[in-house]
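Reading through the structure tokens given below for one structure.
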Amino acid sequence: MTITLYNSLHRRKETFVPIDPSNVRMYLCGPTVYDRAHLGNARPVLVFDVLYRLLRHKYGADHVTYVRNFTDVDDKINATALARQQAGAPGTLEELVAERTNETISWYHADMDALGALRPDHEPRATEYIAQMVSMISGLIADGYAYENEGHVLFRVRKYADYGALSGRSVDDMIAGARVEVAPYKEDPMDFVLWKPSSEELPGWDSPWGRGRPGWHIECSAMAYELLGDRFDIHGGGNDLQFPHHENEIAQSKCAGHGFANLWMHNEMLQVEGKKMSKSLGNFFTVRDLLDQGVPGEVIRFVMLSTHYRKPMDWTEKKRTDAQKTLEGFKSLVHGVDATTVSDEFLGALSDDLNTSLAITHLRTLAKKKDTGRLRASLEFLGFDLETIGACYAETDEPTAQLGEDLVAKIVLARHVAKQAKDWSTADQIRAALDAAGVIVHDRKEKPSTWEISSDFDPSKLEGLL
């Protein structure tokens with residue numbers, strides 16, 4: 001089985017040849033832990049979870065090392081903690097930062113676990129690697145690639161001749177087209193921060209340049225080097241990180257004398273009903289929003305994997321309902337069946353630049369042929385827990401009631417979407433229909449509604465709402 005992957009650095013698919021087949025190494029940029037993971041945050045997790053599974057299948061589970069970090073020192077985290085302090089939360093700002101990051105990491109784990117994602121081998125926190133960051137920065141200063149000014153340390157971008165190779169732009173083009181911070185302590189507008197000063201109340205660490213904290217980009221370079229070595233196989237993330245984050249990682253790591261990543265992979269962004277997900281459009285969801293609305297994690301996983309990772313993924317209500325029906329059908333076919341082996345066609349799809357969309361097409365073919373042993377094996381390979389699917393679609397003595405509850409969950413979510421979009425007419429129409437059908441809805445300010453079914457529930461009165 002030959003694996004080919006699209007290398008963003010070279011802009012072509014390449015045969016994957018690991019540096020050391022006994023230790024295949026992959027790094028994925030993880031979340032900045034200041035709030036719940038939104039739906040778009042789940043896409044790289046699921047894409048690289050499938051790649052992790054494929055690599056473990058090919059090289060052995062004990063021969064793959066997967067690192068995904070937590071950025072737990074950041075201005076957004078500090079701002080969130082400050083807002084909590086101003087709202088009356090007890091504790092110092094540093095204590096509130098630690099409390100928030102611990103809380104958010106636990107949320108993240110719960111949400112990604114619900115989507116069937118395997119935990120990486122290492123999940124380093126940036127705050128655990130400050131000494132390594134300081135050491136790397138000191139080396140860059142000594143070699144003339146960085147400089148200190150007014151308590152800040154900055155990287156000299158023009159000193160690295162290959163800067164822009166990943167994003168395909170020259171430095172001058174970047175200055176013309178990007179919003180760069182012009183600051184008096186910068187020699188050049190494109191120079192980026194490696195270290196910055198911290199006030200007494202903010203998290204900070206002692207350094208040769210005074211008490212401060214690291215810039216974002218140096219974190220991943222230091223953690224990747226410490227955990228994966230001088231050179232490793234794959235570095236991944238969303239394409240929104242290609243510039244400046246990944247471009248800056250390459251520059252500082254190469255100038256520090258490290259080989260860094262051989263192959264770069266980037267997934268495209270997520271949309272909702274054909275539009276960019278944003279709070280202003282009212283189509284912004286966290287993973288937890290959907291889980292709390294009764295959308296099973298494996299349904300979210302199925303929708304995400306139904307689109308190739310290098311294409312924009314459009315989350316729609318129709319895709320969600322179709323995925324739920326498809327998974328229910330798969331579950332009924334494989335119930336009580338032992339897994340056999342995955343087909344060559346299925347493995348071939350995944351091995352060809354992680355074509356999960358084509359792999360799912362093969363699942364449908366197996367279902368159509370009633371090849372249930374291979375279907376079960378393939379579902380498990382893709383990360384679908386058949387026990388979870390069984391629990392979500394368990395057979396019941398009251399199938400009509402079960403279907404009715406599923407329908408209500410979808411309709412309540414549709415009403416929430418309408419409210420977020422300020423489509424009050426649709427929201428009111430749905431609420432009236434729910435009332436008439438015997439669904440008791442409990443609205444919550446700025447949060448999805450909860451609901452319960454009364455004794456006179458009539459699902460026929462909900463027909464045509466979706």
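- A donor-acceptor contact shorter than 3.5 Å is absent between the side chain of Arg84 and the backbone of Leu96.
- Although no hydrogens or angles enter the test, the distance criterion places no donor-acceptor pair under 3.5 Å between the side chain of Lys159 and the main chain of Tyr145.
- Summarising the geometry, atom OG belonging to Ser449 is positioned 4.5 Å from atom CZ belonging to Arg415; distances are rounded to the nearest 0.5 Å.
- Electrostatic pairing of Arg320 and Glu273 does not count as a salt bridge here, judged by no charged N lying under 4.0 Å from a carboxylate O.
- At a threshold of 4.0 Å, the pair Arg213-Asp75 counts as salt-bridged, since one of the basic side-chain nitrogens sits closer than that to a carboxylate oxygen.
- Asn78 and Arg100 are not linked by any side-chain donor-acceptor pair at a separation below 3.5 angstrom, with hydrogens and angles left out of the test.
- One finds a salt bridge joining Arg431 and Asp443 here, because a Lys/Arg side-chain nitrogen approaches an Asp/Glu carboxylate oxygen to under 4.0 Å.
- A donor and an acceptor atom, one from each side chain of Thr32 and Asp74, are nowhere located under 3.5 Å apart.
- Looking at Glu94 and Thr92, their side chains never bring a donor and an acceptor atom within 3.5 Å of each other.
- The only option from His245, His258, His246 that meets the ring pair (Phe, Tyr, Trp, His ring centres under 6.0 Å) definition with His235 turns out to be His246.
- Between Arg288 and Asp111 a salt bridge is recorded (basic side-chain N to carboxylate O distance below 4.0 Å).
- Taking the charged nitrogens against the carboxylate oxygens, Glu268 and Arg43 have no contact shorter than 4.0 Å, which rules out a salt bridge.
- Note: Phe232 and Phe260 meet the aromatic proximity criterion, with ring centroids under 6.0 Å apart.
- Leu382 contributes atom CG, which lies 6.0 Å from atom CD1 of Ile360 (distance to the nearest 0.5 angstrom).
- Expressed to the nearest 0.5 Å, how far CG of Leu202 lies from NZ of Lys196 amounts to 10.0 Å.
- Cation-pi geometry between Arg169 and Phe243 is met: the NZ or CZ atom falls under 6.0 Å from the ring centre, inside 45° of the normal.
- Defined by atom type and a distance below 3.5 Å, a donor-acceptor pair is present between the side-chain atoms of Tyr309 and Asp353.
- Taking the six-membered ring where the residue is Trp, Phe192 and His217 present perpendicular rings, their angle passing 60° and hence far from 30°.
- A side-chain N or O of His10 and one of Glu14 form a donor-acceptor pair less than 3.5 Å apart.
- Atom OH of Tyr34 has 12 or fewer neighbouring heavy atoms from other residues, nucleotides or ligands inside a 6.0 Å radius.
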**Request:** Show your working on side-chain hydrogen bond (donor to acceptor under 3.5 Å, both in side chains) between Thr65 and Arg25 and close with a plain yes or no.
**Result:** CA-CA 5 Å; Thr65 304; Arg25 287 157 286 170; over 6 Å; no
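- Contacts classified as side chain to side chain donor-acceptor pair (under 3.5 Å) and involving residues 47-61 (residues at least two apart or in different chains) are given here: Asp49-Arg53, Asp49-Arg301, Tyr52-Arg56, Tyr52-Asp121.
- Distance CZ/Arg231 to OH/Tyr225: 13.0 Å, rounded to 0.5 Å.
- A side chain to side chain donor-acceptor pair (under 3.5 Å) with Ser8 is found for one member of Arg310, His266, Gln242 and no other, namely His266.
- A ring pair (Phe, Tyr, Trp, His ring centres under 6.0 Å) check over residues 275-294, counting only residues at least two apart or in different chains, returns the pairs His38-Phe284.
- Here the side chain of Ser106 pairs a donor or acceptor atom with the backbone of Glu103 at under 3.5 angstrom.
- Rounding to the nearest 0.5 Å places CG of Asp72 at 5.5 Å from CD1 of Ile105.
- To the nearest 0.5 Å, the span separating SG on Cys255 from CZ on Arg156 amounts to 11.5 Å.
- Side-chain contact check for Asp233 and Tyr27: no donor-acceptor pair (N or O, by modelled atom type) lies under 3.5 Å.
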**Message:** Between Thr15 and Thr4, does the side-chain hydrogen bond (donor to acceptor under 3.5 Å, both in side chains) criterion hold? Intermediate values first, please.
**Reply:** CA-CA 4 Å; Thr15 299; Thr4 59; over 6 Å; no
**Request:** Quick one: do Asp314 and Lys275 satisfy salt bridge (Lys or Arg N to Asp or Glu O under 4.0 Å)? Show the steps, please.
**Result:** CA-CA 8 Å; Asp314 191 15; Lys275 297 180 181 178; over 6 Å; no
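- Here the closest heavy-atom approach between residue Val171 and residue Met190 is recorded as CG1-CG, 3.7 Å.
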**Request:** Any chance you could lay out the side-chain hydrogen bond (donor to acceptor under 3.5 Å, both in side chains) test for His308 and Ser357, step after step, and finish with the verdict?
**Result:** CA-CA 6 Å; His308 191 278; Ser357 176; over 6 Å; no
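- The ring pair (Phe, Tyr, Trp, His ring centres under 6.0 Å) search around Phe48 returns none, not counting sequence neighbours.
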